[in-house]
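What you see below is based on every heavy atom in this structure, not just the backbone, and it leaves out hydrogens, waters and symmetry mates. The chains referred to below are lettered A, B, ... by the order of the sequence lines, with proteins before strands, and numbering in each begins at 1.
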Number of protein chains: 2
Amino acid sequence: MKKRLSISDIANNLGISVTTVSFILNDKAKEKRISEAMTKKVLDYVDKVGYKPNQLAKSLRTGKSKTLGLLVEDISNSFFANIADQIEKFAYDFGYHIVYCSMNNDVNRAKELIQLFYDRQIDGFIIAPTEGLTEVIQKLLKNNVPVVLFDRHLEDLETNFVISENHRGAYAGTCLLLNEKKSTRVGLVTIDSSQLQMRGRMDGYREAVELLDKEVLITQIVRAQPEDETILQIRDFIQENRLDGVLFATNYLAISGLKAIKRYNLPLEKLVSFDENALFSLVDPAVSAISQNLQEIARQVVHILIDEINGKSKGLVQVVVPCEVIVR
Amino acid sequence: MKKRLSISDIANNLGISVTTVSFILNDKAKEKRISEAMTKKVLDYVDKVGYKPNQLAKSLRTGKSKTLGLLVEDISNSFFANIADQIEKFAYDFGYHIVYCSMNNDVNRAKELIQLFYDRQIDGFIIAPTEGLTEVIQKLLKNNVPVVLFDRHLEDLETNFVISENHRGAYAGTCLLLNEKKSTRVGLVTIDSSQLQMRGRMDGYREAVELLDKEVLITQIVRAQPEDETILQIRDFIQENRLDGVLFATNYLAISGLKAIKRYNLPLEKLVSFDENALFSLVDPAVSAISQNLQEIARQVVHILIDEINGKSKGLVQVVVPCEVIVR
DNA sequence: ATGAAAGCGCTAACAT
DNA sequence: ATGTTAGCGCTTTCAT
């Protein structure tokens, strides 16, 4: 690899000092009263030879890396993939880059990754936390590392976060089934987890059902079990309770639910799922969606984090973003 | 933020030199004939205080960052999201990390990103290249930067790459429609692009159709147009040619096609798409898939790149991975 | 068997 | 208005 030019090469070739070059390159020419002529000369030369500062050295010196760490459960989940995409765009506008990692439901791996990002002088963390991460995140906070959680937050942890109106969304979705769709026996398929966003969704469901004096019917899917198991469990849930409407707490549960309906030919037509999916309008039966505002979530996450990095934060910021119900 | 321990803190606290600590930490204790006792003492202490070397400094010094750059068109496309996930896993096994970016169909942005990754001393690039990137990639190669392309490669560019058997896959998909499914008028919906993987798919389609003396019917969708336009274009294509079978060159085209069929109630039941999607079995009509072996592609990509980084490369490596036809 | 010191490329306090 | 230089934390050559 052709040896790259360093700032001292530039300085030498121009017969000036590195300081001057450094100041000019960091927009401090005015402040340091460097002559216009010199400024122009340096800028032109830098441009001509295509010199780019070594970011590593810069980071080492300044302690800033202009990089944010994004930790999600599973980047192949369309919800996370889409939000990662948005977050990256917003971060880019601020000159920040994203290093991302999937935790794949492995707490130890997640801890390792957080440590690793920390070791690489990441300027801030964006995390969709799983249970068991409380401690590591606590440690970050104690060290004053900027952190924003999204999609869910953790109890006992005073952090910034951006989440959706889970309770209200689930409530609206359940009402859609009970009222507009005239379902009478509506079940909730959720996961076996005490993650707060799931609790919110469950509570929203429960509130709507109880309001209309209907029976509360909930099944909790064990995470990390083979999908065929999940499909069976959903089938049994639907059949045993003679459901005529189902609310799914996540998009992948809805997909498993659709498979159950298809595979076992279940007579169930009224479905609502948290999170939108490009194909929900195309499947049969169509799935109505409680769609999260990914763009707004991403925007808030990035702004909050960057404000905090820049010390402009005014205490804890906790944002709840409304959902939109898409009726099909 | 609590100031982090540095290697010299460790050395001072232990009353020894940084050299010794460094050697021990880099598994050179044996080689440098450092006593067992000393080695153990240092290791224990490092463990006790939780010291972690500063990777930035390490990278600055060694010129290696243990990080790979992954550039895809759009991380929210399920094909790329899934492969990114796999690539990350394999890279992790080698102690490498992935910095990823979506290019979002913007050549300038892509060039900027490549430059930027390069500036950050990325050890190697994994790129699903778009047209117009030939030059930048050429530049990387000229500087001996390790590069592996995937999903497609570029003409006139002698690089490592890992792609799928596009020609054969499309051929098999078309035969599925013509033979098993008894379609008589099979069209191809592809994109307006001369990307090589698309050319391969088109040629495979063409070969199968011509072999059976059927009419070659192709429409090319303009990229970056609003989806409603695409849907209309597909509708017209299907209607005007009275198609009874369609091969879609990518999964997102298939999704638009399904929308067209649904929205305009088209009497078309025999569909095949490149790339699998969790919902293709659930939509009506179901979509058969020419599924790429993501895991194998990811595995190869990472291995080739890391071999090259370690100087173990035996010239250009160009791999073509078979597809699997999933009949529905 | 262990240590001193140079140097990776950069920033910024301190000279001049 | 511009230059000299220490130092960020690490690896590694050379010395002892």
Sugar-phosphate, base or nothing in reach of B/Leu56, heavy atoms under 4.0 Å |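 Here B/Leu56 touches no strand at all.
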Pairing of B/Arg152 and B/Glu73 as salt bridge, 4.0 angstrom limit =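 Yes.
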Give a yes or no on whether a salt bridge exists between A/Glu31 and A/Lys28, defined as a side-chain N under 4.0 angstrom from a carboxylate O.
->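 No salt bridge links A/Glu31 with A/Lys28.
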How long is the line joining [atom1] of [X] and [atom2] of [N], in whole Å?
X       : N      : atom1 : atom2 : value
B/Leu14 : C/dA1  : CG    : P     : 19 Å
B/Asn12 : C/dG3  : CG    : C1'   : 13 Å
B/Leu60 : C/dT11 : CG    : P     : 12 Å
B/Glu31 : C/dA1  : CD    : P     : 13 Å
A/Ile10 : D/dT2  : CD1   : P     : 17 Å

Taking only N and O in the side chain of A/Thr20, is any of them less than 4.0 Å away from OP1 or OP2 of D/dT2?
->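 A/Thr20 to D/dT2 OP1/OP2: no side-chain N or O under 4.0 Å.
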Which letters describe nucleotides 10-16 of chain D, given B = protein heavy atom under 4.0 Å from base, S = only from sugar-phosphate, - = neither?
-> BBBB---
Please check if the side chain of A/Asp123 supplies one atom and the backbone of A/Lys66 the other of a donor-acceptor pair under 3.5 Å.
->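 Pair found, side chain donor or acceptor close to backbone of A/Lys66.
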Which nucleotide, D/dT2, C/dA4, D/dG9, lies nearest any side-chain atom of A/Ile34?
->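 Looking only at heavy atoms from C-beta outward on A/Ile34, the closest nucleotide is D/dT2.
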Selected nucleotide, minimal atom distance to A/Ser35 side chain, candidates D/dG9, D/dT2, C/dT2 |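 The closest nucleotide is D/dT2.
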Which pairs, with at least one residue in residues 82-97 of chain B and sequence neighbours excluded, count as a salt bridge (Lys or Arg N to Asp or Glu O under 4.0 Å)?
->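 Every pair satisfying salt bridge (Lys or Arg N to Asp or Glu O under 4.0 Å) with a residue in residues 82-97 of chain B: A/Arg109-B/Glu88, B/Asp85-B/Lys89.
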Indicate whether the side chain of B/Asn160 and that of B/Gln318 have a donor and an acceptor atom separated by less than 3.5 Å.
->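 Judged by distance alone, the side chains do not pair up.
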A/Phe80 versus A/Asp151: any side-chain heavy-atom pair under 4.5 Å?
->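 SC-SC contact between A/Phe80 and A/Asp151 confirmed.
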